[in-house]
Every structure is written in structure tokens, then in C-alpha cells.
Q: 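Below you'll find the structure I mean.
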Amino acid sequence: MVPYTANTPYINTIPVNEQPPYPGNLELEIRIRNVIRWNAMAMVVRANRLDDGIGGHISTYASAATLFEVAFHHFLKAHNDNQPGDQVYFQGHASPGIYARAFLEGRLSIEQIRHFRKELTMEGGLSSYPHPWLMPDFWEFPTVSMGLSPLMSIYQARFNRYLEDRGLIEKLNNKVWVFMGDGETDEPESLGAISLASRENLDNLIFVINCNLQRLDGPVRGNGKIIQELERNFRGAGWNVIKVIWGNDWDSLLEKDEDGILVERMESAVDGDYQKYVVEDGSYIREHFFGTDPRLKELVKNYSDQELEKLRRGGHDSEKMYAAYKKAVEHTGTPTVILAKTIKGYGLGEAGEGKNVSHNQKKLNEEELKEFRTRFNIPISDEDVAKAPFYRPDKDSPEMNYLREQREKLGGYLPSRNVLGKPIKGYDESIYEEFYSGSGDRPAATTMAYVRMLSKLLRDKEIGDLIVPIIPDEARSFGMEALFRQAGIYSHSGQSYEPVDSDTFLYYKEATDGQILEEGITEAGAYSSFIAAGTAYATHGVNTIPFFTFYSMFGFQRVGDLIWAGSDMKTKGFYIGCTSGRSSFAGEGLQHQDGNSHHYAFSYPTVVAYDPAYAYELAVIIKDGIKRMYMDYEDVFYYITLLNEIYDQPAMPKGVEDGIIKGMYCLKRNTGKDPKKHVNLFGSGGLLNQAMIASKILEEEYGVSTDVWSVTSYKELYKDAQDVERWNILHADKKQKTNYIQECFNKEDGGIYVAVCDYIKAVPDTVSKWFPKHFVTLGTDGFGRSDNREMLRHHFEVDANYIVYSSIAELFREGIVDNKVVNKAKISCGIDVNKPNPINV
Ligand SMILES: Cc1ncc(C[n+]2csc(CCOP(=O)(O)OP(=O)(O)O)c2C)c(N)n1
Ligand SMILES: [Mg+2]
């Protein structure tokens with residue numbers, strides 16, 4: 001049997017005879033590139049001299065300069081009125097080079113590049129890496145959490161197609177480019193979605209992987225060859241793979257290699273060897289690379305050691321890179337990956353070229369600076385060089401003219417972030433009304449109400465087309481299958497088969513203009529779609545409103561870093577965590593039951609998080625979300641948890657909308673309030689009903705008066721209280737303000753405070769200090785279990801019994817009831833004081 005290989009030989013994919021003539025002025029381009037190299041290096045060296053340990057990277061850009069510069073001069077199209085422009089994910093650690101180019105282009109001032117990594121020292125100081133949040137006119141895509149940009153870019157390229165296919169934009173004719181490291185491909189996210197890209201025929205997508213054979217600590221594949229490994233992966237997944245391994249200097253050697261011994265030798269050397277050839281001199285290369293076969297030695301007998309040292313790698317050869325890019329942009333039918341072989345820290349010489357420590361090199365001494373200057377021919381004198389000054393050729397120099405002309409041909413400059421959209425004016429908000437009046441005698445879960453709301457939004461004349469439902473293979477679990485038929489599932493190629501359920505009303509309908517993104521089992525992929533859809537207001541000027549519906553446990557906990565990147569990008573939309581609440585989601589057990597997500601939500605600055613209990617609360621929140629995100633254009637997104645527990649959905653009491661949005665409102669007020677024997681109960685999400693039951697028991701069996709509050713968002717309460725607290729401290733001499741929680745309670749009213757939520761106690765505890773008295777919190781700390789709700793709520797000590805008992809115990813501690821009442825409660829509520837704490841078991 002012939003063993004399968006997806007590899008081609010370890011040589012360039014494009015043979016010399018297919019190499020197109022170079023269309024640019026190579027001499028000028030090299031001079032420009034050298035200046036950018038110098039400034040990028042100087043930016044890091046200077047920053048670290050000023051502020052030891054401030055960090056930055058020299059070696060990444062040093063190895064990728066040619067990759068970037070050939071693309072900048074000849075390929076990367078900017079956005080302007082006539083063209084959409086390319087979408088480019090710039091490798092995060094190469095940012096000094098991107099800044100250095102923008103400096104030559106006159107888009108960044110010398111002050112700004114002097115303030116690399118000094119964002120707080122100077123307004124407009126440059127952020128370490130691509131962060132749209134921090135430089136919203138410059139960076140479009142955050143890339144520095146490695147692995148995320150390849151993943152996000154695939155879904156971005158697919159979302160571009162989606163918008164075209166649905167007629168929301170004109171045919172784009174642009175490319176999505178991703179510049180990334182070879183070490184970065186170790187991240188599962190980097191390669192995890194590549195088969196989607198080929199399956200969807202995303203020929204609008206180009207990956208450029210800088211194969212410098214090194215990552216941070218050392219070689220990426222010392223004992224193997226990363227380029228060959230990646231070639232196998234990508235070819236196997238159906239991509240067009242272009243390898244750029246050898247520079248022009250090798251062409252004549254390869255031409256003479258009639259028996260293929262040179263190619264064989266190229267094949268047999270491993271990356272660890274290739275890295276060694278970088279740090280050793282020519283005689284070492286002669287002996288160890290060519291010396292393995294007398295015929296090879298013969299091949300280079302006329303080459304001096306120095307010439308051998310200088311034999312270039314493909315990624316440092318503009319002509320080879322140009323040929324690869326040209327082929328990539330002209331290729332149709334599948335995505336393309338370019339695997340370009342380079343040297344890490346190229347040009348740094350003794351200061352780090354090809355060395356294992358190269359990645360972290362941030363300082364160059366005077367000698368090293370001199371060498372760098374001389375090697376790249378920068379007109380800086382010996383006296384000045386030690387200061388590592390920035391250098392910019394004259395405005396009217398041939399270099400600067402060329403630089404500008406090339407960019408003008410490509411439509412302008414990039415990176416550049418533009419918000420192309422305008423806020424929406426309005427839509428028919430009467431769709432929410434049915435939810436305000438309750439579900440009557442038909443009990444429902446909030447998920448059911450949500451699906452109905454979504455289906456109504458999808459029908460809206462103004463915004464219906466903008467809604468993008470996103471589901472990671474979970475629609476049936478959430479009762480959303482009706483949407484398959486109503487909105488259709490997006491498929492670029494339509495539906496080429498007769499679905500198995502074609503004779504049913506709700507059949508699995510795939511269509512080219514389908515609206516639903518049914519992503520399959522990939523929360524990370526689905527979140528990437530959420531980002532693409534939630535940033536289209538900026539990228540494409542289309543206000544798509546994503547509703548990403550998923551298992552809440554597999555949200556923040558699973559793809560938190562992607563969510564962080566999405567926030568950085570100012571993603572808008574609704575992130576809907578279903579089957580939420582550790583004790584409300586019965587049966588599924590430890591890995592499924594979510595008692596964390598609202599805690600995570602606190603850490604994400606742009607997340608507005610709600611844990612509603614009733615359909616009318618949900619309606620108020622979604623209405624508010626569309627207003628804030630799409631009418632007021634605020635840079636936030638909404639996280640809303642939903643429940644699959646079915647119960648009566650009450651009608652909305654009067655005047656509570658404001659409280660729902662602020663995070664808390666009084667749902668049930670006890671009129672005959674005994675100021676001393678009074679309990680304020682706080683319930684949220686799945687446990688609000690337990691608080692209502694407890695309230696009844698307390699009133700009827702213990703003669704305790706109760707108010708019940710629905711807490712829709714601890715995070716909103718916290719943000720408001722924090723903000724007021726900060727103001728009060730900063731204005732200690734002024735009349736002090738009260739926060740929303742304090743406004744809700746009169747200190748003199750008396751009573752005690754007991755909260756229950758289906759998340760860890762840390763969530764309600766975040767606001768405890770602003771309540772007039774000790775704030776008792778019940779929550780679901782610890783691992784979940786497979787059982788029914790009743791058992792789960794008992795296990796986690798959050799059911800009505802525990803609420804009643806905790807209230808009585810707290811009244812006792814306050815000296816309001818006596819010991820007998822506590823004992824009665826203990827017995828009638830079935831409290832076992834020896835039960836282990838659920839946080840530990
Ligand atoms: C998710 C994540 N993990 C770790 C890092 C830290 N880190 C930054 S660069 C780097 C090595 C990068 O190697 P490679 O991708 O090969 O890029 P190169 O600089 O060699 O082009 C590491 C580990 C990070 N930025 N993101
Ligand atoms: Mg690398």
C-alpha cells in the first residue's frame with residue numbers, strides 16, 4: 001500500500017518560470033522597508049530605555065517585514081468611497097512595524113511613536129498591540145491573543161458572503177487577510193475552523209503564516225518541519241497552499257539539481273537544523289548542509305562561505321512573495337494559505353537573529369545598533385546611532401513619493417477603522433406588548449417567550465432583515481426549530497438535497513438567502529460569527545443585530561477570551577444564555593449547570609448582563625438593548641440568561657420598566673408591614689418564584705411581612721453603586737449622592753434582607769455593602785448534579801424552605817423573633833444542620 005501524503009516537496013510551490021515580473025521599484029521598496037525596520041526596532045529599544053521592562057517585540061516584525069511590505073505596496077486595498085477595502089488581521093507582535101509604516105505615511109506623529117506603550121502618559125500614546133477599543137480610528141481587529149484572529153477571520157470572510165447572499169450589501173470583491181505566526185498555529189483555534197473555510201469556498205480569505213520556525217521559547221518543530229506539517233493540514237482541509245521557502249539565490253542551484261539530491265537534502269534537514277544554519281557561519285552550512293553528499297558539496301564549490309550565509313529564505317525575497325500574493329488573490333474556489341519561510345529576528349545579528357532568546361530581545365547596545373544601521377543602510381551617523389533616533393526620509397524624497405503613490409493606487413491607508421453605519425431610527429415596538437400582559441392561563445418558560453419575541457422581530461418591516469439568529473446546533477433544545485422554516489438556514493449553496501422532514505411544516509430549510517447561521521457544535525465559531533455580525537455596523541455599515549442563542553454554561557466559561565476580543569472590537573448584539581441557572585436546569589449535571597456566567601459577566605467591561613425571571617422583564621430588556629445599541633449606538637452588548645422552567649408568566653406591574661433596566665424593582669409589596677418583623681426578599685431569574693413562595697409562607701405561617709424584589713441585574717446595580725461611591729470619595733466635601741439601591745430603601749424602615757439567586761453567592765455579594773443591613777445571600781456554589789429542580793434546590797440550599805429558614809434565622813439574629821420560632825422553622829423547613837456545604841461536595 002502506498003502511504004498517503006498530503007505533502008509536496010520542500011520547495012517553492014511556484015516554479016521560477018511561473019514567477020511574474022516584479023511590478024514595483026525594488027530598490028526603493030528595499031530602502032523604505034529598511035527604514036521601517038529601523039524605526040520599528042528603535043521604537044521598542046527607546047521605549048525600554050525610558051521605561052525598563054515596558055516590553056515590546058523586535059524580532060517578529062524583523063522576520064515579517066518583507067511579508068508586510070510587499071503586501072502594503074501591491075495588494076492590501078484600503079477602504080474608500082469607491083471600494084470596500086480589504087480586512088486585514090495584523091499579527092499582534094508585529095505592531096511596531098505597522099506603527100513605523102504609519103509614521104512614514106504621516107498618519108502617526110513622532111510624538112506618538114515615541115510613546116509606544118505609553119498610552120497613559122500621553123493622549124494618543126500607542127497601544128502595545130492591535131486594540132480597536134484603544135485606537136478606534138486605527139486598529140480594526142484585535143489579534144494578540146494568539147489563535148483568535150485566524151478563527152475570527154474565517155467567520156468574517158463567511159459573514160461577508162452571508163451579507164452578499166442576503167442582499168444586505170453589494171458584492172464586496174475584497175479579501176480578508178490574516179498575518180500570523182507559525183507558533184500561533186499550535187493554538188487549537190488557529191486550525192480549528194479551516195475546514196469550514198474550504199467547505200464554504202472562501203476564496204476571499206488569505207492566510208499568511210510567517211514560518212520563522214521559532215516561537216517564544218525555541219523552535220516550533222525542531223525535530224520536524226512546520227511548513228510541511230501545515231501544508232498537510234491545510235491541503236487535507238482543501239485549501240490552496242502556496243509555499244515560499246527559498247529565495248531567488250537558490251534558483252540556480254535548484255536548476256542544476258537534476259537528480260534531486262538538493263531537494264532531498266532540503267527535505268531531510270529538520271527545522272532545528274535550519275535554525276542552526278542561521279546562527280552559524282558559511283563554513284558550517286557547507287559542512288553540515290551541503291557536506292552530507294559529495295555531489296552537493298560540488299554544487300556549491302564556487303560559492304564563498306559568505307555567499308552561502310546569504311542564501312536567502314523565500315519570505316525575505318520580495319519577488320517570491322509577490323508571486324505568491326498574486327497567485328493567492330487570483331485564486332478562485334478555495335481559501336489560500338501562504339507558508340513563508342523566514343528568519344526570526346532577521347537583521348539583528350548577534351543581538352538575536354535566529355536565537356532561541358530572539359522573541360524577548362528588547363534592547364540593543366551601541367555596537368548592535370551600529371551593525372543594524374549598517375546592514376540596512378540607514379543614514380544615521382556613528383555619533384547619533386546610540387540614541388536610536390527615528391529616521392524619516394524627506395517628504396519629497398523618491399522613497400516617500402513612491403510610498404504614497406503605491407498606497408494611492410490601492411485606495412489609501414490601512415489599518416484604519418471606520419464606523420460606516422448610522423443608527424437605526426426606529427421600528428414597531430408594539431411587538432413587545434403581548435409580553436407585558438402575561439401568559440394568562442398558559443404557563444411558559446422565558447426561552448419560549450424569547451423565541452416568540454425573536455420570531456416577531458424577524459418579521460419587523462424596519463429591522464427584521466437585520467436580525468441574525470446564530471445557533472451552535474442547539475435550536476431544538478431551545479424550541480427554536482420553527483425559525484428554520486420561517487427564516488431559513490443560511491447556506492451559500494442553497495439546499496441540494498430533499499430534507500428528510502420535507503413533508504413537515506417546520507422542515508430543515510437551507511437557502512442561499514437563509515437568515516439563520518446554524519454553526520454546528522462550535523461555540524467559538526459561533527461567537528466569531530457573533531463578532532462579525534455585531535461589528536458589521538462599523539465594517540460594512542450594516543446594522544445587523546445578532547441574537548446568538550446557546551447553552552449558558554458554554555459561553556463565558558468556554559470562550560471567554562474571544563468575548564474579550566469581541567468587546568475590544570465594540571461588538572454589539574444579544575448574547576442569549578439558555579438553560580441557565582444551576583438549579584433551574586435539571587438533569588444535565590455538573591458540566592452543564594451554569595451558576596457562573598453572571599459572575600464572569602462582571603469582568604467584561606462592555607457586557608450589560610441580565611438574569612430575568614419573567615417574559616415582560618425580557619421584553620423590556622430587549623427593547624432597551626436595541627435602543628441603546630442600535631439607536632443610541634452605544635458600544636455595549638447584552639448578555640441575557642433564559643430558563644427552560646415552565647411557569648406562569650405574570651402581567652407587568654405598573655411603572656417597573658425603569659427598575660427592570662436599573663437592575664431591581666419591587667414586585668410585591670406587603671401593605672400591612674410590621675416595621676420590625678419584616679423581610680425584604682430578593683429573587684432573580686430561576687429563583688424569583690421560590691422567593692415568592694417563601695414570602696407566602698413567611699406571611700401565612702410566621703406572621704412576617706415581606707416585600708419581594710426582582711433583581712434583574714446585579715451587575716447593573718453594582719456599576720451604579722460603584723460609580724456613586726467613586727463620585728462621593730472624589731467629592732467628599734460635597735453633598736453626598738445616593739445610589740439606586742440606597743434610593744430603594746429607607747434606612748429607618750427596619751426589616752432584614754435575604755437574597756437568592758441561581759448563581760454563586762459572590763454575585764449578590766457584590767452589592768451587599770450598600771444595603772442598610774446585613775445582606776444574607778443564598779446561591780448555588782459548587783458542582784451541579786443530575787437530578788430534578790426540587791432536589792437541586794434543596795442540595796444547593798436555595799429553595800423556598802431555605803429562604804424561609806434563612807429569613808427566620810436572620811430575624812432571630814437581629815433579636816426580632818425568639819429561639820422557638822427558629823426551631824419551628826428548622827423542623828418545618830426540613831433543615832439538616834449536618835448537611836455538607838454544597839460548595840465542597
Ligand atoms: C493566547 C496567547 N498565548 C500566549 C501568548 C504569548 N506569546 C506572545 S508571542 C508568543 C510566541 C509567538 O510565536 P509565533 O506565533 O511563532 O510568532 P513569531 O513572533 O515567531 O512570528 C507567545 C507565546 C499570547 N500572546 N497569546
Ligand atoms: Mg514564529
Side-chain angles (χ1 to χ4, degrees), residues 37 40-41 44 54-69 71 89-98 117 127-131 139 141-153 178-192 207-222 224-230 233 244-245 271-272 274-275 278-279 313-316 321 337-348 351-362 524 527-528 558-566 568:
R37 282 180 182 286
M41 177 276 297
V44 179
I54 201 77
H57 300 86
I58 299 173
S59 295
T60 301
Y61 182 74
S63 93
T66 306
L67 273 48
F68 282 119
E69 278 303 298
Y89 293 71
F90 291 99
Q91 188 182 2
H93 300 83
S95 61
I98 311 303
R117 293 191 171 226
S127 77
S128 49
Y129 302 116
H131 293 302
W139 294 116
F141 302 106
T143 52
V144 81
S145 175
M146 291 190 306
L148 298 189
S149 69
L151 178 70
M152 290 190 289
S153 70
V178 186
F179 290 88
M180 59 189 282
D182 49 357
E184 184 167 6
T185 61
D186 286 341
E187 290 285 0
E189 291 92 340
S190 298
L191 304 184
F207 275 18
V208 183
I209 306 186
N210 178 18
C211 298
N212 55 24
L213 317 185
Q214 288 177 243
R215 49 191 177 203
L216 193 151
D217 283 340
V220 178
R221 295 287 182 273
K225 284 209 280 294
I226 186 65
I227 290 181
Q228 297 300 85
E229 182 179 322
L230 290 174
N233 284 331
V244 188
I245 304 179
D271 283 355
Y274 283 113
Q275 192 188 346
V278 174
V279 298
R313 292 183 178 176
H316 296 300
M321 283 314 300
V337 59
I338 295 169
L339 303 171
K341 187 168 174 175
T342 63
I343 291 171
K344 186 135 180 170
Y346 187 69
L348 287 180
E353 191 171 65
K355 297 190 171 169
N356 278 339
V357 294
S358 180
H359 191 82
N360 286 336
Q361 179 58 278
K362 305 177 194 319
Y527 201 86
S528 300
R558 173 114 191 178
V559 295
D561 200 29
L562 254 181
I563 301 176
W564 193 259
D568 186 352

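Atoms within a ligand are numbered from 1 in the order they appear, just like the ligands themselves.
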Q: Does Asp271 reach the side chain of Pro219, with side-chain heavy atoms less than 4.5 Å apart?
A: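 Heavy-atom side-chain distance check fails, nothing below 4.5 Å.
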
Q: I'd like to know: is the Mg ion (ligand 2) within the 2.8 Å range of an N/O/S atom from Asn212, strictly under that distance?
A: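 Under 2.8 Å: Asn212 contacts the Mg ion (ligand 2) through an N, O or S atom.
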
Q: Less than 4.5 Å apart, any side-chain heavy atom of Lys355 and any of Leu348?
A: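 The answer is no; the side chains never approach within 4.5 Å.
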
Q: Which protein residues come within less than 4.0 angstrom of ligand 1, counting heavy atoms only?
A: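 Those residues closer than 4.0 Å to ligand 1 by some heavy atom are Thr60, Gln91, His93, Val144, Ser145, Met146, Gly181, Asp182, Gly183, Glu184, Glu187, Asn210, Asn212, Gln214, Arg215, Leu216, Lys344, His359.
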
Q: Any side-chain to backbone donor/acceptor pair from Ser190 onto Pro150? Under 3.5 Å, distance only.
A: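 Pair absent, no side-chain N/O of Ser190 close to backbone of Pro150.
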
Q: Quick check for you: with the Mg ion (ligand 2) as the vertex, what angle do OD1 of Asp182 and O of Gln214 span, to 10°?
A: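 If I round to 10°, I get 100°.
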
Q: Parallel, tilted or perpendicular: which fits the ring planes of Phe68 and Tyr61, with parallel below 30° and perpendicular above 60°?
A: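 The rings of Phe68 and Tyr61 lie parallel, inter-plane angle below 30°.
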
Q: Below 30° counts as parallel, above 60° as perpendicular, anything between as tilted: where do the rings of Tyr346 and His316 land?
A: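 Ring orientation of Tyr346 relative to His316: parallel.
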
Q: So do the side chains of Arg313 and Tyr274 get within less than 4.5 Å of each other, counting heavy atoms only?
A: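 The answer is yes, as the side chains (C-beta and beyond) meet within the 4.5 Å cut-off.
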
Q: Output yes when Asp186 and Arg221 qualify as a salt bridge under the 4.0 Å nitrogen-oxygen rule, no when they do not.
A: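 Answer for the salt bridge query: yes.
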
